[in-house]
Amino acid sequence: MQWIWSFYKLILQCTWGIKLGMMNSGNQTALSSPADVVVSGLLRLLPEIRTVELFVAVAIFVGIHAVRQGRVHGLCVWPVVGMLPSLLLALRRHMYEWVTGVLERQGGTFTFRGPVGTNLHCVVTADPRNLEHLLKARFANFPKGPYFRDTVRDLLGDGIFSADDETWRRQRKAASLDFHSAAFRALTAHSLVELVHERLLPVLADAAERRAQLDLQDVLLRLTFDNVCMIAFGTDPGCLGPGLPKIPFASAFEKATEATILRFVMPTAVWRAMRHVGVGSERCLRKSIEAVDEFAYDVIRKRKEEAAAAGGEHGMTKKGDLLTSFMGMRDEDGKPYSDKFLRDICVNFILAGRDTSSVALAWFFWLLNTHPEVEARIVEEVDKIVEEREEAITEPEEDLVLRPEEVKRMEYLHAALSEALRLYPSVPVDHKEVVEDDVFPDGTVLKKGTKVVYAIFSMGRMESIWGKDSREYRPERWLKDGRFLSEPAYKFTAFNGGPRLCLGKDFAYYQMKFVAASILRRYRVKVAEGHPVAPKLALTMYMKYGLKVTLTRRDQHEAI
């Protein structure tokens, strides 16, 4: 910056030299030539020139100060607006990579300073020590907090994703009992086989036969949506079927998550004013939530009608889905849960079960497209496990169903999926709020009310965590002597950690492995040439333009 200051001083010297020369000349002779007229005009403009000089001087000073602050804090800090200009520029590019770059420069943690009087101030971290501190060691001091709840309330309500304290504990306990019940496990396994073999594979076979491009992300979202509705609500929306029927709820839900995440990158007063007036992203959010509510309340109404026809709550207990379990429970006052609360439960489990697995699988198939050696090892592993069956395989390839014990033995596939989640986590960032003053292990001071954002996407790319090859897709990093070796939740946070560790982690892995193995054993999946791939800014990391692919049949004995 020294050259800027030197240049500015030169301008000042030249300008004032001209002024002094003109004033001295004016005192000695009368104006008798065109040049004298010009000089006279310049003299009359002296007040304006001084104003411009002052403005330039202030601008240069502010710019130099902002840049110097950027060297210390990671981003330029401007008067009044703070770091907001840098954030707005990042929104036009790759937001998550931008955050990663700042974290790398700042050693894993930095404080974002928003405009004066806004709620955009927060501490952003990707340090595993800090993650263990806030997710486990000091869990009670880092709830989701009122800011997060208020921001997502219109969409998620008081569901498990945004709830804290007793509201969260009740939902967590009830869901945990269901996830570990034999009835629930049987329901998940049965529904997944039905969806893959009666819906997914026929859709893929049709596309392969016609040599047509297919949006694989859309197909996977339909699959997981039908799956979560079956196991969470006992209903079948029929989203994945011939012709891929348009389901208004699915589109509305995706738009609602996009509009909700935008609230986190704008001052609270701004989005609240937009919501009050009903313009922009808030208008889109309101309309999308109307469609989401229509679907959720319709599911609840039908389930209550089924319960009444089956003899009340006793008839409901025969069902193994989550909604049925919650409908049979009571709140702290001994009353049945309200339809509004049941609606919140529905929406939260749709977010957990629909978006996360499908988004992870989409990124997984995209990565395989550029790493054929990984695909080859996966297919080899699946074929070898199937060939080890005691009885001879007599059914047609299309009808061969992978067994639960076979899926669990797919160690390399498990590693390949984990590696995809490391680089492209379904939930790229998460949020906490400080209850009482605290200090992170890295020395960052946290005042009461401070918002903390932990950057899950960035953690997967930090050399300090994963080594020099942190940006390489290398499933082998998860294997030891051919067996999958998990990493601590505070290093690999795709499924969160501590008391809020994802309840559906085991099911998600089983679902992803079953789907991936069933597809790869039968088809080569090739991403369309020139297809743009970039993450979308939403609660979950959709591919912004989907994933256009073509499929060709694979001879199971043919080497890739």
Side-chain angles (χ1 to χ4, degrees), residues 179 182-205 216-217 219-232 236 239-240 320 352-365 367-368 374-375 377-389 393 395-421 426 475 478 484 486 494-495 502-525 547 549 551 554 556:
F179 270 88
F184 184 81
R185 288 197 298 269
L187 177 62
T188 56
H190 174 75
S191 63
L192 191 55
V193 171
E194 177 186 341
L195 284 168
V196 170
H197 286 270
E198 296 184 17
R199 302 188 193 184
L200 175 64
L201 293 180
V203 167
L204 299 184
L216 187 58
Q217 177 176 254
V219 171
L220 293 169
L221 281 166
R222 290 169 180 271
L223 170 72
T224 53
F225 178 54
D226 282 356
N227 199 194
V228 73
C229 286
M230 287 179 173
I231 64 178
D236 181 8
C239 194
L240 180 61
R354 169 188 181 259
D355 289 18
T356 51
S357 295
S358 56
V359 167
L361 281 169
W363 287 106
F364 166 74
F365 278 105
L367 285 165
L368 289 189
V374 175
E375 181 181 353
R377 283 196 61 177
I378 293 172
V379 175
E380 181 184 1
E381 178 182 62
V382 174
D383 285 346
K384 182 179 178 181
I385 289 173
V386 170
E387 289 167 3
E388 290 175 357
R389 291 184 178 183
I393 301 173
E395 68 266 40
E397 172 64 22
E398 199 65 31
D399 298 330
L400 188 145
V401 178
L402 297 170
R403 299 167 180 172
E405 62 272 17
E406 293 173 337
V407 175
K408 290 177 182 178
R409 289 171 54 200
M410 297 175 185
E411 304 276 355
Y412 189 80
L413 176 55
H414 197 114
L417 287 164
S418 297
E419 183 71 344
L421 280 166
S426 298
W478 296 85
F484 178 82
S486 61
F495 292 95
C502 176
L503 281 171
K505 177 181 177 180
D506 291 340
F507 169 69
Y509 267 119
Y510 181 81
Q511 182 189 54
M512 290 188 293
K513 289 168 72 175
F514 187 90
V515 171
S518 298
I519 294 175
L520 290 172
R521 181 171 168 81
R522 296 168 173 85
Y523 296 99
R524 300 175 185 276
V525 181
L547 184 63
V549 303
L551 299 107
R554 185 197 303 279
Q556 69 182 69

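It should be emphasised that the depicted structure is a prediction, and the values quoted were computed from it without experimental measurement.
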Worksheet item: How far apart are the closest heavy atoms of Val379 and Leu520, and which atoms are they?
Response: CG2-O, 3.8 Å
Practice prompt. State whether the side chain of Glu419 and the backbone N or O of Trp478 hold a donor-acceptor pair below 3.5 Å, judged by distance alone.
Written response: no
Fill in: Nearest-0.5 Å distance that lies between atom CG in Leu192 and atom OG in Ser518
7.5 Å
Worksheet item: Can you list the steps and then say if Met410 with Leu402 is a side chain to side chain contact (heavy atoms under 4.5 Å, CB included)?
Response: CA-CA 11 Å; Met410 297 175 185; Leu402 297 170; 4.1 Å; yes
Fill in: Arg222 vs Val203 side-chain heavy atoms within contact, under 4.5 Å
no
Discussion item. Quick check for you: to the nearest 0.5 Å, what is the distance between Asp383 atom CG and Ile378 atom CD1?
Written reply: 12.0 Å
Worksheet item: What distance separates Ser358 OG from Leu221 CG, expressed to the nearest 0.5 Å?
Response: 3.5 Å
Worksheet item: Which value, rounded to the nearest 0.5 Å, describes the distance between Glu381 atom CD and Tyr412 atom OH?
Response: 9.0 Å
Item to complete: Step by step, work out the side chain to side chain contact (heavy atoms under 4.5 Å, CB included) result for Val401 and Phe514.
Response: CA-CA 9 Å; Val401 178; Phe514 187 90; 4.3 Å; yes
Worksheet item: Do Val549 and Phe365 touch side chain to side chain, with heavy atoms closer than 4.5 Å?
Response: no
Worksheet item: Any side-chain heavy-atom pair from Ser418 and Tyr509 closer than 4.5 angstrom?
Response: yes
Worksheet item: Is any side-chain heavy atom of Leu195 closer than 4.5 Å to a side-chain heavy atom of Met230?
Response: yes
Worksheet item: Which atom pair, heavy atoms only, marks the closest approach of His197 to Leu400?
Response: CE1-O, 3.1 Å
Discussion item. I'd like to know whether Asn227 forms a side chain to side chain contact (heavy atoms under 4.5 Å, CB included) with Leu223, so could you lay out the CA-CA distance, the side-chain angles of the two residues, the decisive distance to 0.1 Å, and finally the verdict.
Written reply: CA-CA 6 Å; Asn227 199 194; Leu223 170 72; 5.5 Å; no
Worksheet item: Is the shortest heavy-atom distance from the side chain of Phe484 to the side chain of Leu413 under 4.5 Å?
Response: no
Worksheet item: Under 4.0 Å between a Lys/Arg side-chain N and an Asp/Glu carboxylate O for Glu406 and Arg389?
Response: yes
Worksheet entry | Atom of Thr224, atom of Ser357 and distance for their closest heavy-atom approach | CG2-CB, 4.1 Å
Fill in: Residue pair Ala415 / Pro475: nearest heavy atoms and the distance that separates them
CB-O, 3.6 Å
Discussion item. Is any side-chain heavy atom of Trp363 closer than 4.5 Å to one of Leu547?
Written reply: no
Fill in: Close side-chain approach of Glu388 and Lys384, heavy atoms under 4.5 Å
yes
Worksheet entry | CZ on Arg524 to CD1 on Ile519, rounded to 0.5 Å | 15.0 Å
Worksheet item: Can you find a heavy atom in the side chain of Thr188 that is under 4.5 Å from one in the side chain of Tyr510?
Response: no
Fill in: Worked verdict on Met512 versus Leu421 for side chain to side chain contact (heavy atoms under 4.5 Å, CB included)
CA-CA 11 Å; Met512 290 188 293; Leu421 280 166; 4.0 Å; yes
Fill in: Closest approach of Tyr523 to Ala205 (non-hydrogen atoms, all atoms of both residues)
OH-CA, 3.1 Å
Worksheet item: Got a sec, which residues hit side chain to side chain donor-acceptor pair (under 3.5 Å) with Thr356, two or more places apart in sequence or on another chain?
Response: none
Discussion item. So which atom in Leu220 and which in Ala362 form the shortest heavy-atom distance, rounded to 0.1 Å?
Written reply: CD1-N, 3.9 Å
Item to complete: Please determine if Asp236 and Arg199 form a salt bridge, counting it only when a charged side-chain N lies under 4.0 Å from a carboxylate O.
Response: yes
